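One structure below.
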Amino acid sequence: MTKCKETKKMAKPKILIIYTGGTIGMGMDPMTGVLEPLDFNHLVSSMPEFKLIQAEIDVRKFDPPIDSSDMDPMRWAEIVSMISNNYNNYDGFVILHGTDTMAYTSSALSFMLENLTKPVILTGSQLPIGELRTDGKENLMTAIEIASAKNAEGRPMVPEVCIFFNGKLIRGNRAIKINAEGFHAFESFNYPHLCDVGINFQYHDHHILTPDYRKPMVPHLKLDPNVIVFSLFPGIQDNIVRHVMESPDLRGIVMRTFGSGNAPHTPWIMRLLDQAAHRGVNIVNISQCLTGSVEMERYGAGFQLKAAHVISGYDSTVEAMVTKMMYLQGRYADNKKVREKLTESLAGEISISVSYTHLRAHETELH
C-alpha cells in the first residue's frame, strides 16, 4: 500500500475531462421542478476550486449532454474515440457520467481500451454540483488528482478504467451501483478498492493492473449487442422464455442463477439451454448474489448447467459480463472464439480459481 501526498512537479499533468451529462451537471427547471442537463460552462462556474487544480484541464463534451439512462454502445464508441484521438496528448482522462449506467460504461471501456496505460476515471454525483450539499465537487476534484498521480518512476499510479465515488476508487469492471440516494453509491464486492482517499491517498498497489508499457493502447469501437440477461426465479414459465432464447439473432445469454450458480431441476430449462448452446449461443452463469463466485461443480443443481454447456462467469458482475460479451462478439465472428475468451480475465474483471485448468479440461470432455 502506498501513501501519497500531492507534490509539485516541474510540468503540470494534462487531464482531459469528457463530460457526458448526468446529475453532476444538472440544474432544476424553474417551471417543472425537473432536473435537466446544463452546459458544462455552468458546472465550471459553480466550482471556483477549478482555479486551484495543479493540472492543465481541457474539456470535450457530448452535445447535447445525456441522461445516463440513454447511454448505449454507440456512445461508448464515441467516448473511446475521444480518448484514442487525444491519447498521446494527455496524462489521464476523467469522464463525468450519470450514476445509473456508470458501471456498464466503466466495464465496457475496460475492454474497449485494450492495453490501457493511462488512468480513465469515471465519476459523477448524487446531487447536482450547484446544490449546497453536493458530493460532486469532491468527487470531481479527487478524480482529477488520481488521474494526474504518478509513481516514483513517473508512471501513472492507476493505469486502468476506474470509478471514483465517495472516497473509494474501484476497478471499473468490478463496480456495482448499490444506492440510489446515499453518497456511497458504488461498491466492489468481489475485489478490493484500488485506493482509499481521506487526508492521504492510500493506493493499494498490489491490486492495481500493470500494463505492458512497450505496447500501444488499442481502441476497439465495434460492439455486438445481441445479448440478453436472463434471471431465474421460482415459477419462471417455459412459453415466455422460449421466445427470447430462440431468437435467430441471439449470440449471448447472461444467466443470473441462484447462490453459487444453481438452477431448478426443470427439464425445459436444460433443454432450451442445451439447444441454444448447440446453435452457437454462449451462455454464461452469473450468481444473483452480490458477493461470491459461481461454482457449478459444487451442487447437482449447478452441475446440470455444465452438462448443458453453460460457461462459468466466476465472480463477474452482470455489467461486466454483458459488456464483455458485446465486446467479444463485436471482435470475433466465430462464437467458439468468443466462448474461449469469455473464460479468460481480459481486464481484471474475474478472479479465476486455481482449478481453472481442470475445469476447462472437464468442459472439453463434455463436448
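Note that the structure is predicted; figures quoted are calculated from it, not measured.
- Distance alone, capped at 3.5 Å, is enough to place a donor-acceptor pair between the Arg75 side chain and the Asp70 backbone.
- A donor-acceptor distance shorter than 3.5 angstrom exists from the side chain of Gln329 to the backbone of Asp224, with no hydrogens or angles considered.
- For the pair Lys118 and Tyr87, the cation sits on the ring face: its NZ or CZ lies under 6.0 Å from the ring centre, inside 45° of the axis.
- Residues Ile236 and Trp268 have side chains in contact (heavy-atom distance under 4.5 Å, counting atoms from C-beta outward).
- Tested against Ile163 for a side-chain contact (heavy atoms from CB on, under 4.5 Å), the candidates Leu122, Thr99, Leu194 yield a single pass: Leu122.
- Counting heavy atoms from C-beta outward, Pro219 and Ile83 have side chains that stay 4.5 Å or more apart.
- Within the 3.5 Å criterion, the main-chain N or O of Gly259 finds a donor-acceptor partner in the side chain of Ser287.
- With Thr343 contributing its side chain and Glu340 its backbone, the two residues share a donor-acceptor pair below 3.5 Å.
- Proximity of a side-chain donor or acceptor of Gln288 to a complementary backbone N or O of Arg256 within less than 3.5 Å is detected.
- For the pair Pro156/Tyr213, a side-chain contact is recorded, criterion being any heavy-atom separation below 4.5 Å from C-beta on.
- Here the CE atom belonging to Met321 is positioned 6.0 Å from the CG atom belonging to Leu342, to the nearest 0.5 angstrom.
- The aromatic rings of Phe111 and Tyr327 lie parallel to each other, with less than 30° between the two planes, well short of the 60° mark.
- Looking at Tyr203 and Asn151, their side chains never bring a donor and an acceptor atom within 3.5 Å of each other.
- Taking the side chain as every heavy atom from C-beta outward, Ser316 and Ile286 approach each other to under 4.5 Å.
- Using modelled atom types, no side-chain atom of Thr105 and backbone atom of Met102 make a donor-acceptor pair closer than 3.5 Å.
- At least one donor-acceptor pair under 3.5 Å links the side chain of Thr20 to the backbone N or O of Leu96.
- Contact annotation: the side chain of Asn173 never approaches that of Val161 to less than 4.5 Å [non-hydrogen atoms, C-beta and beyond].
- A donor-acceptor pair under 3.5 Å is formed between the side chain of Gln237 and the backbone N or O of Gly235.
- Of the possible polar contacts, one joining the Gln304 side chain to the Ala263 backbone as a donor-acceptor pair under 3.5 Å is found.
- Residues Leu272 and Asp238 have side chains in contact (heavy-atom distance under 4.5 Å, counting atoms from C-beta outward).
- In this structure, Asp315 and Ile350 have side chains that are in contact, with non-hydrogen atoms separated by less than 4.5 Å.
- If you check the side chains of Asp67 and Ser69, you find a donor sitting under 3.5 Å from an acceptor.
- Between the side chains of Ser110 and Arg174, no donor-acceptor pair is found at a separation under 3.5 Å.
- The side-chain heavy atoms of Arg171 and Glu160, taken from C-beta on, include a pair separated by under 4.5 Å.
- Without hydrogens or angle criteria, Asp212 side chain to Asn115 main chain gives no donor-acceptor distance under 3.5 Å.
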